Participant: 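I'd like to ask some things about the structure below.
The figures that follow rest on heavy atoms only: side chains count, while hydrogens, waters and symmetry mates do not. Since this is a predicted model, take the numbers as computed values, not measurements.
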Amino acid sequence: MAGDKDHAKIKRIEALESEVSKLKLELEHLKFQEEQERTKRAFYQQIADFAFAWELWFESNGAIKYCSPSCYDLTGYSANQIIASAGINELLVFDADKEKYTNFLQGALNQTLLHQTLEFRVLTRTKQLRWFMMNVRGVYDKIGKYLGIRASVLDITRLKQAMGHILELEKTKAFDSRNKNRLQTELELKDRELVSFLLQLSQKNELLSKAAALLQQEHKSGAKKAPDTLRQLKDLLQTNSVQAVDWSMVENQVDKIHPGFLERLQKKHPLISVNDKKICSYIRLGLSSKEIAGLLNITPKSVEVSRVRLRKKLGINVKTRLVFYLEQL
């Protein structure tokens, strides 16, 4: 009888020892799992704490569950101060942007945002005005339960300053462009005015030359009707028939309309004469041989001969038009 009791006790002890061994193994396994979890937690904590951006986790009610230490570099406030505050809106957000920030955060928490990025201004602890950009996204557990939102905040003050500088440059560029267009319009107007003046002068000289030639022919024919009047008219026309063009005026206007043209022409072809320069200038202004003839008081045929000689002096290829060559100078 006593032997049976001892045997039962031994069996019970063995069972208990087996159970203790299992519990020890389970405890060791749990300790190992706990250490792994602790290591993972420390790893992810370091990633979050040393993130370049300011990382935040808002619970679904708007309370701040996590705030990364990088907030101190951006705002001058520690993570604990921000978590303990009445909220980022009250602590940091610039007055003019408070309503915009509140609406954005509320929309993010309610998951009704279309654009999950907000640019807003803050006043740091040292009262510096800075531009921040906040990006948000929802946080969910493994079964899809909504846990709040995660926010990542960057300081974009320098970017805003650079953009402002770029906009200023663009304004300056636009002003320069408008100014350039205005000057170009003025030059084109001066070009038209000069050409119009030269055409009128050419036509006047041509008309006076024709009139003087007709009177000369009438005088030679021996007509006796009103000889004194014809002689006086002929003398008057001969006196005024050739109105010399003020070359210095034309040269000055050409240089304004086509800056450096005459200088480049002279430099490339130092042996050309003043008369050649005149013809080149008139051609550059778009005048025809007939119009040039009126200005130089010569015949259109003489101008054509001068153009042929000028082509040889300038060494222009037969296939190249003289006016095109001069436009390229």
Participant: Pairing donors with acceptors under 3.5 angstrom, does anything connect the side chains of Thr117 and Asn135?
Facilitator: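 Present: a donor and an acceptor within the cut-off.
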Participant: Quick one: do Phe58 and Leu91 end up in the same hydrophobic cluster if we chain Ile, Leu, Val, Met, Phe, Trp and Tyr together by side-chain heavy atoms under 4.5 Å apart?
Facilitator: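 As far as the 4.5 Å side-chain criterion goes, Leu91 and Phe58 are connected within one cluster.
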Participant: Using only heavy-atom distances, determine whether the side chains of Ser21 and Ser18 contain a donor-acceptor pair under 3.5 Å.
Facilitator: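 Side chains of Ser21 and Ser18: no pair found under 3.5 Å.
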Participant: Given Phe132, which of Thr75, Ile88, Asp97 fulfils the side chain to side chain contact (heavy atoms under 4.5 Å, CB included) condition?
Facilitator: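 The single option meeting the side chain to side chain contact (heavy atoms under 4.5 Å, CB included) with Phe132 is Thr75.
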Participant: Backbone N or O of Trp131 within a donor-acceptor pair of the Lys160 side chain at under 3.5 Å?
Facilitator: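 A pair under 3.5 Å: no.
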Participant: State yes or no: do Met133 and Leu159 share one hydrophobic cluster built from I, L, V, M, F, W and Y residues joined by side-chain heavy-atom distances below 4.5 Å, directly or via other members?
Facilitator: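 Same cluster: Met133 reaches Leu159 through Ile, Leu, Val, Met, Phe, Trp or Tyr contacts under 4.5 Å.
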Participant: What heavy-atom pair brings Leu147 and Trp57 nearest, and what distance separates the two atoms?
Facilitator: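 Residues Leu147 and Trp57, closest heavy atoms: O-NE1, 3.5 Å.
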Participant: Got a donor-acceptor contact below 3.5 angstrom from the Arg309 side chain to the Asp276 backbone?
Facilitator: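 Absent.
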Participant: Give a yes or no on whether Arg307 atom CZ has more than 12 heavy-atom contacts from other residues, nucleotides or ligands under 6.0 Å away.
Facilitator: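 Count over threshold, so yes.
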Participant: Glu35 vs Lys31, test: side-chain contact (heavy atoms from CB on, under 4.5 Å). Steps then yes/no.
Facilitator: CA-CA 6 Å; Glu35 184 61 29; Lys31 285 182 178 180; over 6 Å; no
Participant: Are Leu109 and Leu105 side-chain neighbours, meaning at least one heavy-atom pair lies under 4.5 Å?
Facilitator: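 Touching, per the 4.5 Å side-chain cut-off.
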Participant: Are Leu118 and Leu123 connected in a single hydrophobic cluster, I mean Ile/Leu/Val/Met/Phe/Trp/Tyr linked by side-chain heavy atoms less than 4.5 Å apart?
Facilitator: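 Different clusters.
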Participant: Starting from the C-alpha separation in whole Å, work towards a yes-or-no answer on side-chain contact (heavy atoms from CB on, under 4.5 Å) for Tyr66 and Leu56.
Facilitator: CA-CA 5 Å; Tyr66 171 78; Leu56 291 156; over 6 Å; no
Participant: Of all the heavy-atom pairs spanning Asp73 and Arg130, show the shortest one and how long it is.
Facilitator: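 That closest heavy-atom pairing would be O-NH1, 3.6 Å.
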Participant: Is a donor on one side and an acceptor on the other found under 3.5 Å between the side chain of Arg264 and the backbone of Leu329?
Facilitator: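 Answer holds: yes.
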Participant: Within the distance-only criterion (no hydrogens, no angle test), does the side chain of Asp141 pair as donor or acceptor with the backbone N or O of Lys145 below 3.5 angstrom?
Facilitator: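 A pair under 3.5 Å: yes.
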Participant: As an exercise, state the distance from SG of Cys280 to CD1 of Ile272, rounded to the nearest 0.5 Å.
Facilitator: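 One gets 5.5 Å once the value is rounded to the nearest 0.5 Å.
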Participant: Using only heavy-atom distances, determine whether the side chains of Ser288 and Glu291 contain a donor-acceptor pair under 3.5 Å.
Facilitator: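 Side-chain D/A pair, Ser288 to Glu291: present.
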Participant: Heavy atoms only: give me the nearest Thr299-Ala293 pair and the separation to one decimal.
Facilitator: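 Looking at all heavy atoms of both residues, the shortest contact is C-CB, 3.6 Å.
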Participant: Just wondering, are more than 12 heavy atoms of other shown residues or ligands nearer than 6.0 Å to CD in Glu263?
Facilitator: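 No.
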Participant: Using the rule that two of Ile, Leu, Val, Met, Phe, Trp, Tyr join whenever any of their side-chain heavy atoms come within less than 4.5 Å, decide whether Val122 and Ile83 are in one cluster.
Facilitator: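 Yes.
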Participant: Answer yes or no: is there a side-chain heavy-atom contact under 4.5 Å between Tyr325 and Leu314?
Facilitator: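 Of all side-chain heavy-atom pairs linking Leu314 with Tyr325, at least one is under 4.5 Å.
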Participant: Distance check, rounded to the nearest 0.5 Å: Ser85 atom OG versus Asn80 atom CG?
Facilitator: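 It comes to 11.0 Å.
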Participant: Between Glu90 (side chain) and Gly87 (backbone), is there a donor-acceptor pair under 3.5 Å?
Facilitator: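 Side chain of Glu90 to backbone of Gly87: no pair is present.
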Participant: Linking I/L/V/M/F/W/Y whenever their side-chain heavy atoms sit closer than 4.5 Å, directly or via other members, would Ile283 and Val274 fall into one cluster?
Facilitator: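 Yes: a chain of side-chain contacts under 4.5 Å links Ile283 to Val274.
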Participant: In terms of heavy-atom contacts, does CD of Gln128 have more than 12 from other residues, nucleotides or ligands at under 6.0 Å?
Facilitator: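 Enclosed: over 12 neighbouring heavy atoms sit under 6.0 Å from CD of Gln128.
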Participant: Which distance, rounded to the nearest 0.5 Å, do you find between the OH of Tyr101 and the CD of Glu119?
Facilitator: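 Rounded to the nearest 0.5 Å, the OH-CD separation comes out at 15.0 Å.
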Participant: What I want to find out is whether Glu251 reaches Lys278 closely enough, with some N-O distance under 4.0 Å, to be called a salt bridge.
Facilitator: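 So Glu251 does not pair with Lys278 through a salt bridge.
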Participant: What's the spacing between Lys277 NZ and His269 NE2 if we round to 0.5 Å?
Facilitator: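 One gets 12.5 Å once the value is rounded to the nearest 0.5 Å.
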Participant: Just how far is it from atom CD of Glu55 to atom SG of Cys71, taken to the nearest 0.5 Å?
Facilitator: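 Glu55 atom CD to Cys71 atom SG measures 11.0 Å (nearest 0.5 Å).
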Participant: What distance do Ile279 atom CD1 and Asn275 atom CG have between them, rounded to the nearest 0.5 Å?
Facilitator: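 The distance works out to 4.5 Å.
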Participant: What heavy-atom pair brings Tyr77 and Thr124 nearest, and what distance separates the two atoms?
Facilitator: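 Tyr77 and Thr124 have their closest heavy atoms at CE1-C, 4.5 Å.
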Participant: Evaluate the side-chain proximity of Val136 to Met134: yes if any heavy-atom separation is below 4.5 Å, no if none is.
Facilitator: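 The answer is yes, as the side chains (C-beta and beyond) meet within the 4.5 Å cut-off.
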Participant: Could you go through Trp54 and Leu154, starting from their C-alpha distance and side-chain angles, then the distance that decides it, and tell me whether this counts as side-chain contact (heavy atoms from CB on, under 4.5 Å)?
Facilitator: CA-CA 7 Å; Trp54 173 18; Leu154 291 171; over 6 Å; no
Participant: Considering residues, nucleotides and ligands other than Tyr72, do more than 12 of their heavy atoms fall under 6.0 Å from its OH?
Facilitator: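 No, because the 6.0 Å sphere around OH of Tyr72 holds 12 heavy atoms or fewer from other groups.
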Participant: Compare every heavy atom of Leu310 with every heavy atom of Leu322, then report the nearest pair and how far apart it is.
Facilitator: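 Reported closest heavy-atom pair: CD2-CD2, 4.1 Å.
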Participant: Are Gln266 and Leu262 close enough that some pair of their side-chain heavy atoms sits under 4.5 Å apart?
Facilitator: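 In short, these two side chains do not touch, never coming nearer than 4.5 Å.
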Participant: Any side-chain donor-acceptor pair under 3.5 Å between Asp155 and Thr157?
Facilitator: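 Yes - a donor-acceptor pair under 3.5 Å links their side chains.
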Participant: Between the side chain of Tyr146 and the main-chain N/O of Gln111, is any donor-acceptor distance below 3.5 Å?
Facilitator: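 Such a contact is absent between Tyr146 side chain and Gln111 backbone.
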Participant: Indicate the atoms forming the closest heavy-atom contact of Ala79 with Ser68, along with that distance.
Facilitator: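 So the minimum-distance heavy-atom pair works out to CB-O, 4.2 Å.
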